[in-house]
There are 2 protein chains.
Amino acid sequence: MVTPQESKPNNLVQTIERVSLILDILGQNPQGISVRDLSLKVSLPKGTTHRLLSSLSYLGYVRQDPKTRNYLLGFKLVELGNLLLGQLDLRKEAEPFLRELAERTKETVHMVILDRNEVVYIDKVEVAHNPSGLRMASRIGLRNPAHSSAVGKVLLSLFSDEALNQFLKEKKLSKRTEHTITDTVQLKEHLKMVRNQGYAIDDEENEKGVRCVGAPIYNEAGNAVAAVSISGPAFRVTKNMAQETLKKEVMKTALDISRRLGYRGGR
Amino acid sequence: MVTPQESKPNNLVQTIERVSLILDILGQNPQGISVRDLSLKVSLPKGTTHRLLSSLSYLGYVRQDPKTRNYLLGFKLVELGNLLLGQLDLRKEAEPFLRELAERTKETVHMVILDRNEVVYIDKVEVAHNPSGLRMASRIGLRNPAHSSAVGKVLLSLFSDEALNQFLKEKKLSKRTEHTITDTVQLKEHLKMVRNQGYAIDDEENEKGVRCVGAPIYNEAGNAVAAVSISGPAFRVTKNMAQETLKKEVMKTALDISRRLGYRGGR
DNA sequence: GAACATCGTTCCATAATGCGAAACGATTTA
DNA sequence: TAAATCGTTTCGCATTATGGAACGATGTTC
């Protein structure tokens, strides 16, 4: 089955489009932004921008700093976003396993799903005091390309030919670092290998200095619905480490979670 | 200074109002909802509902289950919500202290802020295996009334008379349990005591069987900007426990965080 | 397996809704 | 004190969203 790319509706509601743009811009301004500056950024008259903001503000999607009068993102978004996260059964089931994995390996553990052919982080477990004190820049809700991450590649490796071609058609393989696989043929070869191994390594392909190992989580029906990964600084997560110990740890955790979801395969 | 209630704009944009209603309803339906059922719930024609959904879907605020064709909340909300959380410096600074508090007390720790005179959970730390295996139903992003929670009361206790009257005018003191303080005069008396103590106890006032202890977090300017609490089942968090050991723990953590934020008061 | 029922989706003439230039009022700056 | 620069509000106009109806796809019933 092919997850269809959400095509641009020909009758996109103008207000919704504008609101989305406004929220994106507010997200980029942690200290808030004035009506004037915002109106310039969205190329709308001040009056129009203000009307949209006051409606959004009333409903909680936006808030206004009483001192600076700047507008910021509102907590309604936190409410809805975490409501959605809380509705993911997968997350509830997986959490203890993720914690355990983080504890054992002392590295950061992520769980992701695929949404519109992109990786979305739906959980993250960090150990309180990891050896180096380094913290991953990742955040729950963050999106990453599939082709440059361990979790993404391991999920892509289980795509049907049809779905993979669809993916390649709609996404271009952006070069995130010098190690990113940006060639279609090369990626296809690589994915074959990943599929056979049952895990993927992100060898500084998404972010310089960060190496990850990822494995797929299957549901009862045997479909890969998510992926787990261990991420860490490349100097600690060496290639050897990844291919030896970490690979086993991640695969075990992924299988445990899959079993928990009713998966019956995997030997 | 009075935090103003967000008054209903006389020129509320219809589309935004409708979208907000739709998202709220989607949030109530974890398994998704059909266009038809949704159109009935929002009292809009199917065509109109569908147009709004497809616009929202294109932008990621909503997603459609390919099998059931039901509509669900989309991950754009997780993205924006967690982006906002990540922008709260308070949260970054406080996190290690919250973890430590949870570890020491083996109970669930919350951090909240006040938004539109309601309590919003912005962080939650649970110990992996708490004694009873009970888990709080709370969730980051959740809103609670201020008058029935320890964190809410401790923040209300620091309101100016003006601000408190404003609060009482706009919120009615809903009776959440048989212990909830619903009388204005009684609440004012109680808040005086809380202010003197420097901490508040929620004695099953918000949820039956749950007791909490909360203390305020101050910023550099000496304003209470947030609150921490310990919550647990009433049989474990007894009144004595709360007033003796837990009170001290929470207040210490709150002060530590306040200091971290540059607060110079508190003896 | 054919006819029906029930969805989700698209269409299009209509008018209601949001639009935005301009005025207003409140702060801040010169 | 004056001027400049905001945020906010207003209101007549026309663009935009509206929603009833038709279409098409899916699955259900007999």
Side-chain angles (χ1 to χ4, degrees), chain A residues 1-23 25-26 29 31-59 61-74 116, chain B residues 1-23 25-26 29 31-74:
Chain A
M1 183 190 314
V2 184
T3 310
Q5 155 90 320
E6 201 66 51
S7 60
K8 181 156 186 164
N10 44 2
N11 54 350
L12 186 51
V13 178
Q14 192 185 53
T15 301
I16 296 181
E17 201 177 12
R18 289 177 169 182
V19 162
S20 181
L21 180 57
I22 286 176
L23 294 180
I25 292 173
L26 292 184
N29 293 75
Q31 79 296 348
I33 187 171
S34 67
V35 175
R36 204 193 90 91
D37 288 354
L38 183 60
S39 76
L40 291 175
K41 287 214 180 195
V42 297
S43 309
L44 286 175
K46 243 190 334 172
T48 304
T49 307
H50 182 266
R51 181 160 25 80
L52 294 172
L53 283 174
S54 67
S55 294
L56 287 171
S57 192
Y58 172 66
L59 294 162
Y61 292 89
V62 152
R63 67 191 204 278
Q64 189 177 23
D65 186 308
K67 288 197 218 310
T68 65
R69 298 200 161 240
N70 278 358
Y71 285 89
L72 306 126
L73 291 180
R116 298 146 160 263
Chain B
M1 183 191 313
V2 183
T3 310
Q5 156 87 322
E6 201 66 52
S7 61
K8 182 158 186 164
N10 46 0
N11 53 350
L12 185 52
V13 178
Q14 193 184 52
T15 301
I16 296 182
E17 201 177 12
R18 289 178 169 181
V19 162
S20 181
L21 181 57
I22 286 176
L23 294 180
I25 292 173
L26 292 185
N29 293 74
Q31 78 296 347
I33 187 170
S34 67
V35 175
R36 204 193 90 91
D37 288 354
L38 182 61
S39 76
L40 290 176
K41 289 215 180 196
V42 298
S43 309
L44 287 174
K46 247 191 331 174
T48 304
T49 308
H50 182 267
R51 181 160 25 78
L52 294 172
L53 283 173
S54 68
S55 293
L56 288 170
S57 192
Y58 171 67
L59 295 162
Y61 292 88
V62 152
R63 67 192 205 279
Q64 189 176 22
D65 186 308
K67 287 197 218 309
T68 65
R69 296 196 165 244
N70 278 358
Y71 285 89
L72 306 127
L73 291 179

**Fill in**
DNA chain D nearest-nucleotide lookup for B:Leu52 and A:Thr68: closer to the 5′ end is A:Thr68
**Message:** Contact between B:Leu38 and B:Tyr71 at the side-chain level, heavy atoms closer than 4.5 Å - yes or no?
**Reply:** no
**Request:** List the atom of B:Leu72, the atom of B:Gly32, and the distance in Å for their closest heavy-atom pair.
**Result:** CD2-N, 3.4 Å
**Request:** Check whether any side-chain heavy atom of A:Val19 lies under 4.5 Å from a side-chain heavy atom of B:Thr15, and answer yes or no.
**Result:** no
**Request:** Taking the side chain as every heavy atom from C-beta outward, state whether A:Thr49 and A:Lys46 have any atom pair closer than 4.5 Å.
**Result:** no
**Item:** Minimum heavy-atom distance A:Leu59-B:Glu17, with the two atoms named
**Value:** CD1-CA, 4.0 Å
**Prompt:** Does any non-hydrogen side-chain atom of B:Val62 lie less than 4.5 Å from one of B:Leu23?
**Reply:** yes
**Message:** A side-chain contact here means heavy atoms from C-beta on lying under 4.5 Å apart; do A:Val42 and A:Arg18 qualify?
**Reply:** no
**Item:** Test side chain to side chain donor-acceptor pair (under 3.5 Å) applied to A:Ser20 - qualifying residues, sequence neighbours left out
**Value:** B:Tyr61
**Message:** Heavy atoms within less than 4.0 Å of DNA chain C: which residues of residues 33-46 of chain B have one? Give them sorted by number.
**Reply:** B:Ser34, B:Val35, B:Arg36, B:Lys46
**CG on A:Leu56 to CG on A:Leu73, rounded to 0.5 Å** = 10.0 Å
**Prompt:** Which is the 5'-most and which the 3'-most nucleotide of DNA chain D that has an atom under 4.0 Å from a heavy atom of chain A?
**Reply:** D:dC6 to D:dA17
**Complete:** Here the gap from B:Leu53 atom CG to B:Leu26 atom CG, rounded to the nearest 0.5 Å, amounts to 6.5 Å
**Fill in**
In this structure, CD1 of B:Ile25 is separated from NZ of B:Lys41 (nearest 0.5 Å) by 6.5 Å
**Request:** Starting at OG of B:Ser39, measure out to CD1 of B:Ile22 and round the result to the nearest 0.5 Å.
**Result:** 9.5 Å
**Fill in**
Rounding to 0.5 Å, atoms CG (B:Leu44) and CG (B:Leu52) come to a distance of 7.0 Å
**Request:** To the nearest 0.5 angstrom, please state how far the OG atom of B:Ser57 sits from the CZ atom of A:Arg116.
**Result:** 6.0 Å
**Prompt:** Which two nucleotides bound the region of DNA chain C that has atoms under 4.0 Å from heavy atoms of chain B, read 5' to 3'?
**Reply:** C:dC7 to C:dG18
**Item:** Overall bend - the helix from C:dG1-D:dC30 to C:dA30-D:dT1, comparing terminal axes fitted on five pairs, nearest 10 degrees
**Value:** 40°
**Request:** Provide the closest heavy-atom pair for B:Arg69 versus B:Gln64 in the form atom of the first, atom of the second, distance.
**Result:** O-NE2, 3.1 Å
**Message:** Contact list please: residues 13-21 of chain B against DNA chain C, heavy atoms, distance less than 4.0 Å, in numerical order.
**Reply:** B:Val13, B:Gln14, B:Thr15
